[in-house]
Amino acid sequence: MNQATPLTFPVPNRFDLHLCISAGQVFRWQSSSTGFTGISGSRLFQVRDSHENYTVQALPSEHAETAFRDLFRLETDLPSVHSAVIQADPRWEPWIRELSGLRLMRWEDPEECLFSFLCTPANNIPRITGMIQRLCETYGEPLFSFDSTFHRAFPQIPTLADLPEDALRPLGFGYRSRSLIQAARALRERGPGWMESLKSAGYWDAKRELVRLPGVGAKIADCVLLLGLDYWESVPVDTHMWQAMQKLLPELQGKSLTEKTYRQILDWFHDRFGVWTRWAQQYLFTARLKKL
DNA sequence: ACGAATCCTGGGCA
DNA sequence: ATGCCCAGGATTC
């Protein structure tokens, strides 16, 4: 149990942290009376918004500032993204104007990212948040006590792998219990470092590997490729994205979301936006999610 | 290759 | 109150 003093540092608030953490990119953040509190990997952040800055408190203090910058991808210049995307397709301009503070996030731990998104099929964000909270409370290792709140890490994969397949049903996981446990066992089979190795496998090879895991289809694979493995090519096509793309691409109207149409959407993004694909995708998805 | 049914659960809604 | 629909899908037939 770490009882050390948190590191406090300022970050220019030229982005909308609340928008980032409420757009379904992460599931372990919440607003509190004092601001926002979130856990990323084995690190805790508490963020207060002051006049010019976010004041961030972090535990543990080592590498905390770097971790925060990585989490919100602060190395990327937002205005450059905006102009690049709008230049590629002016139809994005109103969405970007409404979502100018939105940042694409980056998970510290791709495995935690995978298991979190295994909770998402046919689900909604409030419920997913509750499921993951109960999962961590029940099976996670102790992390910190901070502000009189006790925090735990996301469960270790071997812990999940050893559970019976229905163990997560009492936590409200429904049929997704089996997906998480079976995926944990599959990951154990592949050995440590397997997920990390996908970071250098290339987008298509990594995706081909991911969809072999139980409970992982194209959409969840793309979520992990986008937020956990850092691939610019990723476009998770869910119901929101599918509806949006049917309006944008006439050739999709009247069709259904299949492997072929999913690929059509990917190709279209890559042709039009190139390395800015993941950002363009994020504005469109969030615009639909927020009903803009 | 495509379409449809099935799977847990909780909230919104008529 | 009760039933139906849908929510960041995957799998099976």
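Model, not experiment: these values are computed from the prediction. Lettering follows sequence order; numbering is per chain, from 1.
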Taking the ring centre of each residue, are [X] and [Y] less than 6.0 Å apart?
X: His270(A); Y: Trp232(A); value: yes
X: His18(A); Y: Phe36(A); value: yes
X: Phe27(A); Y: Phe117(A); value: yes

Sequence neighbours left out, cut at 3.5 Å: what donor-acceptor pairs do the side chains of residues 153-160 of chain A make with other protein atoms?
none

Next item on the list: Could you measure between the two P atoms, the one in dA10(C) and the one in dG10(B), and give it in whole Å?
Entry: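 Going atom to atom, P in each nucleotide, I get 22 Å.
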Check: What interatomic distance, in whole Å, is found between P of dA4(B) and the corresponding atom of dG8(C)?
Finding: 22 Å
Quick check for you: among [options], whose closest atom lies nearest to any side-chain atom of [X]?
X: Arg169(A); options: dC8(B), dG9(C), dG8(C); answer: dC8(B)
X: Leu289(A); options: dC2(B), dG9(C), dG8(C); answer: dG8(C)
X: Arg127(A); options: dC2(B), dG10(B), dG8(C); answer: dG10(B)

Note to self: Taking the nucleotide of DNA chain C with the nearest heavy atom to each, does Gln243(A) or Ile220(A) sit closer to the 5' end?
What the structure shows: Gln243(A)
Check: Start at the 5' end of DNA chain C and walk down; is the nucleotide closest to Leu213(A) or to Pro126(A) reached first?
Finding: Pro126(A)
Note to self: Taking 4.0 Å as the cut-off, does a side-chain nitrogen or oxygen of Lys260(A) come that near to OP1 or OP2 on dC2(B)?
What the structure shows: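 Yes, Lys260(A) has a side-chain N/O under 4.0 Å of OP1/OP2 on dC2(B).
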Next item on the list: Return no unless some side-chain N or O of Thr239(A) is found under 4.0 Å from OP1 or OP2 of dG8(C).
Entry: no
Note to self: One thing to verify: whether Asp230(A) and Arg106(A) come together as a salt bridge, which I'm taking to mean a side-chain N less than 4.0 angstrom from a carboxylate O.
What the structure shows: yes
Check: Nearest-Å distance, CG (Asn124(A)) to C1' (dC6(C))?
Finding: 9 Å
Check: How about Glu165(A): does its CD atom have over 12 heavy atoms from other parts shown lying under 6.0 Å from it?
Finding: yes
Note to self: Under 4.0 Å, counting only non-hydrogen atoms across every strand here, what does Ala221(A) touch: a base, just sugar-phosphate, or nothing?
What the structure shows: nothing
Margin query: Considering every strand and a 4.0 Å limit on heavy-atom distances, what is the contact class for Val237(A): base, sugar-phosphate, or nothing?
Written below: nothing
Validation: residues 241-248 of chain A side-chain donor-acceptor distances under 3.5 Å, sequence neighbours left out:
| unit_1 | atom_1 | unit_2 | atom_2 | d |
| --- | --- | --- | --- | --- |
| Trp242(A) | NE1 | Gln246(A) | OE1 | 3.3 |
| Gln243(A) | OE1 | Arg288(A) | NH2 | 3.2 |
| Gln246(A) | NE2 | Lys255(A) | O | 3.3 |

Checklist line | DNA chain C: stems of at least 3 consecutive Watson-Crick or G-U pairs whose donor-acceptor distances fall under 3.5 Å | finding: B:3-7 with C:9-13, B:9-14 with C:2-7
